[in-house]
Amino acid sequence: MVNEPWWKQAVIYQIYPRSFYDSNGDGIGDLKGITEKLDYLQQLGIQALWLSPVCCSPQDDNGYDISDYQDIDPLFGSLDDMDELIRQASMRGIRIIMDLVLNHTSDEHPWFLEAKKSRNNPYHDFYVWREGTEGTPPNDLKASFGGSAWEWVPQCGQYYLHQFSVKQPDLNWENPQVRKEIYKMIRWWTERGIGGFRLDVIDLVAKEPDRGVMAEGRHLHEYLKEMSREVFQGRDLITVGEAWSATPERAFLYSNPDQSELSMVFQFEHIVLDQQPGGEKWDLAPLPFVTFKKTLAKWQTQLYGKGWNSLFFSNHDLPRSVSRFGNDGEYREKSAKMLALCLHGMQGTPYVYQGEELGMTNVRYEISEYRDIELLNMYRERKEAGCPEKEIMESVYAKGRDNARTPMQWNDGVNAGFTSGMPWIRVNPNYTKINAEQEIADENSVFHFYRKLIGLRKQERVLIDGRFELLLPEHDSLFAYTRENEDCVLLVICNFASAAVSYDLPGNWEDGEVLLSNGKQKFSQGILEPYDAYMVIRRKEDVQ
Ligand code: TEU
Ligand code: CA
């Protein structure tokens, strides 16, 4: 353990800055707001904060469209505010992880403004251009946020590639000059005291649009190794690669323990399960529970000793985990705790997405109250395709990214204490019942459950290094597994259903020590109440 990198024992908290805390009443969360809430985060016990992008941006995709990598968007504050946040956080043992969006820039970035002037411009080759005639794009690649992935620029007589919105032109990583500029920029941030980086859609940077290959292009791992050598190695940084396309085999590369690429991979195989193969992104197929846990188990066993994974059920692109995998009605608190225990018991670095520690839920708004570009484009496209309103809205409620982007619920005052002004997006009306102030006051709350879980990670080595084994693999509502090292065996058993279930488990766990549970203090083997979750440990010296 002494030689293990710090981030294997860390829990990371993700902040969506515009929705965290607004310090100046303009309705948008900001850096000073985060600094003001550091004591809250310290109380929770986390070791690092991943901030969604705060660099200058026209905010077409809420900051994932950057127009200046080396300055803070005035919406969020200034470089001085960032320095102060880094300083104040570091005093509390908390590192700041920046979100690096390197696959694309904003179309308002000076590089793109130059690039689109003419084919001969020195910056032209910073982006991905292809020949074509107006109205006939080079091929039928689709953008993630709808429509063609190609946009015509008359003054060049060419199309540029955008895998996301038309305001997010893809950078051309084949151009060594582009990579050099990126490395220079990253070094500049490390010198300011940034503790690490989350690399947005890093699996897409080596795209090969002519072959229709976006993820995992042939040069991807070569580029990652180069970037790691140039900027990450020899610095005490945590680096997290977002990779929707990752398989365990690929993850050996991304997160090789020799650190030749990144610290860890952030993959979504357990998340995309309810998207039917070849189907629409927003399909509402039910989650096949057995496949869900076998997928998580596959990553646990295959990556053991060979790579490092991120553990999460939600983030700023996903619905609230309690609404999606738990029960946000009668069993909200109980199922929120169950999900936390299930996730944090596995091997990897756990991520807590802001508000998850309060058991915050999805929302159901009128379409005019939503803000997200993906959601609004999807709504428009489906509307144009003649899809019934009700059906579209059901998808929005279930999968819309704004579910996770409503303001953090601090207290039961106006706007949940998030802002004294007009919030950029409506606050979830349930803030009078679900908010940080009440959670902190109640020692049995979801918040304190998270605090205890995070604390356990520092006490029980088995949570870091224990070998994972899935139990009851075919059970259709129980998620049970053990973690084992030389000293002990840990059992995690969770009921994902709103009904009590009985089961048969090998071995006797009733004498074990309950480290944490959302049910009774004592573990009675054989039956679990709705959404029960137990973490039980047996030390080997007790067993012999
Ligand atoms: O997300 C990558 C991504 O693939 C998402 O667009 C995802 O498919 C979708 O949101 C699921 O509904 C990253 C960022 O996390 C996201 O916020 C950005 O919009 C995107 O990249 C572009 O930078
Ligand atoms: Ca503000």
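One-based numbering, in listed order, for ligands and for the atoms of each.
- Proximity of the aromatic rings of Tyr353 and Phe312 is defined here by a centroid distance below 6.0 angstrom, and this criterion is not met.
- Distances from atom 10 (O) of ligand 1 to the heavy atoms of Arg401, His104, Gln168 show the closest one on Arg401.
- The atoms of ligand 1 that sit less than 4.0 Å from any heavy atom of His316 are 14 (C), 15 (O), 16 (C), 17 (O).
- Taking the six-membered ring for Trp, Phe266 and Phe268 have ring centres closer than 6.0 Å.
- The distance from ligand 1 to the heavy atoms of Glu374 drops below 4.0 Å at these ligand atoms: 9 (C), 10 (O), 11 (C), 12 (O).
- A heavy-atom separation below 4.0 Å is found between Glu242 and ligand 1.
- The two residues Ser52 and Gln14 make their nearest non-hydrogen contact at OG-NE2, 3.2 Å.
- The ring of His316 has its center closer than 6.0 angstrom to the ring center of Tyr64.
- The aromatic ring centres of His344 and Tyr450 sit less than 6.0 Å apart.
- Distances under 3.0 Å from the Ca ion (ligand 2) pick out the protein N/O/S atoms Asp22 OD1, Asn24 OD1, Asp26 OD1, Ile28 O, Asp30 OD2.
- Comparing Ile66, Leu318, Asp61 against atom 22 (C) of ligand 1, the shortest heavy-atom distance belongs to Asp61.
- Residue contacts with ligand 1 leave out Gln163, since none of its heavy atoms falls under 4.0 Å from the ligand.
- Of the listed options Val201, Asp200, Leu375, Asp99, Asp200 places a heavy atom closest to atom 23 (O) of ligand 1.
- Residue Met378 does not touch ligand 1, judged by heavy-atom distances below 4.0 Å.
- With a 4.5 Å cut-off on side-chain heavy atoms, Leu102 and Leu171 do not count as touching.
- Under a 4.0 Å criterion applied to the non-hydrogen atoms of Phe145, ligand 1 contributes the atoms 6 (O), 19 (O).
- Shown are Arg179, Met185, Gln177; of these, the side-chain contact (heavy atoms from CB on, under 4.5 Å) with Glu181 is made only by Gln177.
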